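Notes follow once the structure below has been shown.
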Protein chains: 2
Amino acid sequence: MREILDIQKKLLPDLMDIMKKRYSILHHILISGVVGRRTLASSLDMTERVLRGEVDFLKEHGLLESDASGMKITESGRQLLEDMLPIIKIAFGLTDLEESIAKAYGLSQVIVVPGDTDTSVFTKKELGRAGAAALRKYVAKGDIIAVTGGSTMAQIANNLTISSSMKGNWFVPARGGLGESVDMQANTIASIMAKKTGGKYRLLHVPDHLGEEAYQTLIQDPQIQEVVDAVRSCRIVVHGIGDAMVMARRRKVDAETTRSLQDDGALAEAFGYYFDRQGNVVHKMPTVGLRLEDLQRTEVVIGVAGGKSKGEAIASVLRHGQEDVLVTDEAAALEIMKHV
Amino acid sequence: MREILDIQKKLLPDLMDIMKKRYSILHHILISGVVGRRTLASSLDMTERVLRGEVDFLKEHGLLESDASGMKITESGRQLLEDMLPIIKIAFGLTDLEESIAKAYGLSQVIVVPGDTDTSVFTKKELGRAGAAALRKYVAKGDIIAVTGGSTMAQIANNLTISSSMKGNWFVPARGGLGESVDMQANTIASIMAKKTGGKYRLLHVPDHLGEEAYQTLIQDPQIQEVVDAVRSCRIVVHGIGDAMVMARRRKVDAETTRSLQDDGALAEAFGYYFDRQGNVVHKMPTVGLRLEDLQRTEVVIGVAGGKSKGEAIASVLRHGQEDVLVTDEAAALEIMKHV
DNA sequence: CAGTGATGGACGTTTTATGTCCCGGGTATA
DNA sequence: TATACCCGGGACATAAAACGTCCATCACTG
């Protein structure tokens, strides 16, 4: 039952919207008993004309009937609604989640895929697919796209395909070396994405654990400077979101910094910045690349992360308020909604 | 699984068509490996532009990809096709049945509802619903609609609702008394339909088992004559189809006639006429109303009947060649296809 | 190096969807 | 009983989408 709806969502996304629309109309009429067209239109937030089109359809199919006093549901219509309840619950739980999160955090789009990345590898793949689809949607010709590392980003890279709209775009790592293993780090991801889409890429080769002096020398280097400039003028950022402590451990952050992170209540991590519960930045990794203030100029910031365990972290980053698009999974979405 | 599709069909009648279309495209590309747009369009019998619209859609969703050499399916697309197989099997079975029957007997539309009327009362209801929907589709303002009796017709009447397009239409019994029980006879059905739709009705009160002399007197009666004229000038006929022997028994036809029916190979019955396997009329009930020759002038003849046991009878009536629309169920449809 | 078949862009036309206004008719209320 | 209100449905201009058609350009093959 669930599978069939997931399949339909892939093959007929717009039909599912129509189904939802018609269901809402019918359901509203059922609840109202008898209701007029204009009243219904305003309470469903539709224009009168488009509601009328749907109502005419529903009437033709004998699901509702109307007389001078207004519209009411027929027996077939009532029966249909009853039969549809389980379908709607499954098919549109996610849609509702998406809309709630988008509204709560002022995002322009939220995509929720079913399942839990923590427990199902299939969900992680689906997350990658959805992330790739989201990127495909927002990308334009000649864009510079900054990406971060992580297993989720790697999944997105896997699901990108060659496409004319992305041919010739630049992929760059959002920030320099952040101490991740090679196959998950931003440099790798950027190059894979470029190869998969027929785009180009530039890398930021910045060694980990740099001393202050070496760091200053490095960022003066013209080659590095050129890439950094490209990164900071990117139009699109795609990044993962992690749990602060998990990321600190993975990046082998020293004990002192780790303790300081804990004291400051660091909860989430994204492109080298650590956020507390309120979305404040409490720490940043010492490397070059995208700075938080650059995000303001960035047109599209796409965050991708899933798993129940990451829900709270995602909520923290959202609260910081720089995100435009969120791609997540059902389990994380439910957690996020607990922290509005 | 099956239910969900049936439910969705009510709210999105073209869902199946679009799903079928997109599936066919993807499937064809899968089989072809790499194929060009024009080649594909001609082998799928679509115009190039329409195909292109669908292909663009599928490409955007990452189900297929294209380069200078042509289009080919992606891994997600291949996976989707695999997942869809069971759905398609179910969804297309009925559609194929509908199309096969329509083609075999030259009908303009065939509607097959799932199930078997013989074994499931729910299927019978569904048949009534589908019959009502078909009538709704073909009816126009000011039409005269001739109907017959029977339990299936009663179901149709049950499923009609008030609608402006049928308000003011006339419902008349196709033929006079045919010896059925009161609540199933044509007169009753016509009056119920009129009440349900906001239409008007005229009845044919013709006693059963009329002698020849009384019959002649009766048809001279101006009142009767008026109704008969209306019946014969009807634009739409909706009728059930029955098994000849079952009907003969139900109508308490005398032993001699019954034997004669058997000798003549009577198989099916519709609006008082009995048909043999080849669709020839072998007997007619002695009453007034619609004659076979009137059907030629009738624009829309809708036959409604279901159940495995009636399959052969339906095929006989179809072979007679006056039907335009058939509404039946899956079990009967499968039987019908055995008799092409 | 010409020929074939591919994609993707472009454009005018047709069809469909939408916004908007109005009319006549019930209905509840003053 | 009079009136103000809300109802469905008709009408129409306009915006938007779908469609048919043609063409430029590119990759590959013989």
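It should be emphasised that the depicted structure is a prediction, and the values quoted were computed from it without experimental measurement. Just so we're on the same page: letters track the sequence lines, and every chain starts at 1.
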Looking at A:Glu60 and B:Lys10, does any basic side-chain N land under 4.0 Å from a carboxylate oxygen?
-> no
So, A:Lys9 and A:Asp14, do they make that salt bridge, N to O below 4.0 Å?
-> no
With sequence neighbours left out, what residues match B:Glu65 under side-chain contact (heavy atoms from CB on, under 4.5 Å)?
-> A:Thr161, A:Ile162, B:Lys72, B:Thr74
Quick one: list whatever passes side-chain contact (heavy atoms from CB on, under 4.5 Å) with B:Ser42, sequence neighbours left out.
-> none
Rounded distance (Å) that lies between atom [atom2] of [N] and atom [atom1] of [X]:
| X | N | atom1 | atom2 | value |
| --- | --- | --- | --- | --- |
| A:Lys72 | D:dC6 | NZ | C1' | 16 Å |
| B:Leu51 | C:dG5 | CG | P | 18 Å |
| B:Met46 | D:dC19 | CE | P | 9 Å |
| B:Glu54 | D:dC19 | CD | C1' | 12 Å |
| B:Asp56 | C:dG8 | CG | C1' | 9 Å |

DNA chain D-proximal residues of residues 13-25 of chain B, any heavy atom under 4.0 Å | none
Out of C:dG19, D:dC7, C:dA6, whichever nucleotide has its closest atom nearest the side chain of B:Thr39 = C:dA6
Nearest-nucleotide pick for A:Val50, side chain only, options being D:dC19, C:dG8, C:dG19 | C:dG19
Which pairs with one or both residues in residues 58-83 of chain A pass ring-ring contact (aromatic ring centres under 6.0 Å, His included), sequence neighbours excluded?
-> A:Phe57-A:His61
Please, which pairs that meet ring-ring contact (aromatic ring centres under 6.0 Å, His included) have at least one residue in residues 24-43 of chain A, sequence neighbours excluded?
-> A:Tyr23-A:His27
Residues in ring pair (Phe, Tyr, Trp, His ring centres under 6.0 Å) contact with A:Tyr138, at least two apart in sequence or another chain | none
Short side-chain N/O contact from [X] to OP1 or OP2 of [N], under 4.0 Å:
| X | N | answer |
| --- | --- | --- |
| A:Ser66 | D:dC7 | no |
| A:Thr47 | C:dT18 | no |
| B:Lys59 | C:dT7 | no |

Quick one: which residue pairs count as a side chain to side chain donor-acceptor pair (under 3.5 Å) with a foot in residues 125-134 of chain A, not counting sequence neighbours?
-> A:Glu126-A:Arg129
Here the salt bridge (charged side-chain N to carboxylate O under 4.0 Å, His left out) pairs for residues 21-35 of chain A, sequence neighbours left out, are A:Lys21-A:Glu54, A:Arg22-A:Glu54
Per-nucleotide protein contact string for nucleotides 20-30 of chain C (B base, S sugar-phosphate only, - none; heavy atom under 4.0 Å) | BBB--------
Which part of the nucleic acid, if any, lies within reach of A:Gly53 when heavy atoms closer than 4.0 Å are counted: base, sugar-phosphate only, or nothing?
-> nothing
Remember a base hit wins even if backbone is also touched, and classify A:Val34 as base, sugar-phosphate or nothing at under 4.0 Å, heavy atoms.
-> nothing
